[in-house]
Amino acid sequence: MQDRSTQRATTRICIQCGLFLLQHGAESALVEELSTRLGVALGMDSVESSISSNAIVLTTIKDGQCLTSTRKNHDRGINMHVVTEVQHIVILAEHKLLDLREIEKRFAQIKPLRYPRWLVVVMVGLSCACFCKLNQGGWDGAIITFFASSIAMYVRQLLTHRQLHPQINFCVTAFVATTVSGLLLRLPQFANTPTIAMAASVLLLVPGFPLINAVADMFKGHINTGLARWAIASLLTLATCIGVVMAMTLWGLRGWA
């Protein structure tokens, strides 16, 4: 009976490990690997898992006894701090420095690291401005890109805080970025500024991490999860394009020549 309760607790902590990773942007192979390593470190004979874009199913096997648990996945946003913390806990468990109860306490104490909003806005603005400058946009184009992308990032943060649907969020943010950069380009002071500034101002909406994870999942055999992530990233890209086209059509803006 004691072994059964221990296996049940181990199953619960293993699937919590996998869920933490899946919720915060880890690739499927890493989710599977770390949850398996944790289960083996805690005395299980083997750990089997099935991962999809919105759920995880995990089974622990000990002396021929199987226990299976399922958890629904709710996306918490990409956060490598959480992924790193989970990896650190698994390594400590493998070195027998943490027991089951201590691992549960460590998991309960994990809090996603969030940078101040103003810092994210400024850094996103600077990164987009640098891209514009590196692509012959000039200093005037970089200034336009900085203001447009900073305002757009602030709008994106507000919409995310209100838990607006991601596709609508991306569409509205792209509309704002294109509107601000396009209208600034109409000013006499920026009459000769390259329109690359408009393109650079929406770079903050490129779903690079989901696309990288999608390709990594498909290359490592997690085809269904990879295709699901690819589809989500494609929908976000489509929403961005719709926002850009809406702004250019509404205000009659120049194209990205």
Side-chain angles (χ1 to χ4, degrees), residues 10-42 44 47-60 69-117 119-120 123-124 127 153 156-157 160-161 163 166 204-233 236:
T10 302
T11 304
R12 185 171 60 249
I13 206 68
C14 287
I15 199 168
Q16 186 179 358
C17 168
L19 192 61
F20 264 129
L21 296 168
L22 193 60
Q23 286 177 334
H24 292 92
E27 61 177 281
S28 300
L30 184 63
V31 176
E32 186 176 57
E33 177 190 348
L34 289 181
S35 57
T36 299
R37 285 168 55 185
L38 181 59
V40 172
L42 292 174
M44 298 297 104
V47 177
E48 307 292 338
S49 58
S50 175
I51 301 166
S52 67
S53 61
N54 56 2
I56 178 171
V57 180
L58 184 140
T59 299
T60 58
S69 184
T70 305
R71 294 290 186 278
K72 188 174 179 63
N73 175 42
H74 298 284
D75 185 34
R76 306 291 185 187
I78 297 168
N79 196 307
M80 290 297 102
H81 172 255
V82 173
V83 175
T84 304
E85 285 295 310
V86 172
Q87 287 178 311
H88 184 60
I89 292 171
V90 172
I91 291 172
L92 290 176
E94 287 180 322
H95 287 82
K96 307 302 179 184
L97 298 176
L98 296 176
D99 59 18
L100 185 59
R101 189 166 299 177
E102 291 170 334
I103 293 172
E104 289 179 343
K105 290 181 179 178
R106 289 289 190 99
F107 276 160
Q109 293 171 355
I110 293 178
K111 301 296 180 185
L113 177 63
R114 305 290 185 190
Y115 291 105
R117 287 189 179 184
L119 180 60
V120 175
M123 295 309 297
V124 166
S127 62
M153 189 64 206
R156 179 180 173 181
Q157 289 178 334
T160 301
H161 181 69
Q163 299 181 341
L204 62 106
L205 297 174
V206 175
F209 206 95
L211 286 172
I212 292 171
N213 274 346
V215 174
D217 282 349
M218 287 188 281
F219 268 106
K220 295 177 182 179
H222 297 273
I223 305 298
N224 292 337
T225 308
L227 288 175
R229 286 178 166 176
W230 185 281
I232 293 172
L236 293 176

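The structure presented is a predicted model; accordingly, all values stated were derived computationally and were not measured.
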Side-chain touch Ile223/Leu227, heavy atoms, less than 4.5 angstrom:
yes
Tell me whether Lys220 contacts the main-chain N or O of Glu27 through its side chain, where contact means a donor paired with an acceptor under 3.5 Å.
no
So if I apply the side chain to side chain contact (heavy atoms under 4.5 Å, CB included) rule between Arg37 and each of Val47, Leu42, Val90, which one comes out positive?
Val90
Asn73 and Ser53: which non-hydrogen atoms are nearest, and at how many Å?
ND2-O, 2.9 Å
Please examine the side chains of Ile56 and Val31, heavy atoms only from C-beta on, and report whether any two atoms are closer than 4.5 Å.
yes
Can you measure from CG (Leu58) to OG (Ser69) and round to the nearest 0.5 angstrom?
7.5 Å
Quick one: CG on Asn54 to OG1 on Thr225, what's the gap to the nearest 0.5 Å?
9.0 Å
Please examine the side chains of Ile89 and Leu98, heavy atoms only from C-beta on, and report whether any two atoms are closer than 4.5 Å.
yes
Between Val83 and Leu30, is the side-chain contact (heavy atoms from CB on, under 4.5 Å) condition met? List the steps.
CA-CA 10 Å; Val83 175; Leu30 184 63; 3.9 Å; yes
Could you walk me through whether Met153 and Val120 pass the side-chain contact (heavy atoms from CB on, under 4.5 Å) check?
CA-CA 8 Å; Met153 189 64 206; Val120 175; 3.8 Å; yes
Minimum heavy-atom separation for Leu22 to Ser52, with atom names?
CD2-O, 3.7 Å
In a table with atom names and distances, give each donor-acceptor pair under 3.5 Å that connects a side chain of residues 206-218 to protein atoms at least two apart or in another chain.
from: Asn213; atom 1: ND2; to: Gly25; atom 2: O; distance (Å): 2.7
from: Asp217; atom 1: OD1; to: Ser28; atom 2: N; distance (Å): 2.9
from: Asp217; atom 1: OD1; to: Ser28; atom 2: OG; distance (Å): 3.4
from: Asp217; atom 1: OD2; to: Ser28; atom 2: OG; distance (Å): 3.2
from: Asp217; atom 1: OD2; to: Arg229; atom 2: NH1; distance (Å): 2.9

Taking the side chain as every heavy atom from C-beta outward, state whether Arg156 and Leu204 have any atom pair closer than 4.5 Å.
yes
Looking only at side-chain N and O atoms, does Thr60 offer a donor or acceptor that is under 3.5 Å from a partner on Thr10?
no
Side chains of residues 102-116: which donor-acceptor pairs under 3.5 Å do they make with residues two or more places apart or in other chains?
from: Glu102; atom 1: OE1; to: Asp99; atom 2: N; distance (Å): 3.0

Taking atom CE of Met123 as the centre, does the number of heavy atoms from other residues, nucleotides or ligands within less than 6.0 Å exceed 12?
no
Report the distance from atom CD1 of Ile78 to atom CD of Gln23, rounding to the nearest 0.5 Å.
13.5 Å
Taking Ser35 for the side chain and Glu32 for the main chain, is one N or O donor matched with an acceptor at less than 3.5 Å?
yes
From CG (Leu21) to CD (Glu85), nearest 0.5 Å
11.5 Å
Please collect all ring-ring contact (aromatic ring centres under 6.0 Å, His included) contacts where either partner lies in residues 71-105, sequence neighbours excluded, each pair once.
none
On a heavy-atom basis, the closest approach of Cys17 and Val86 is SG-CG1, 3.6 Å
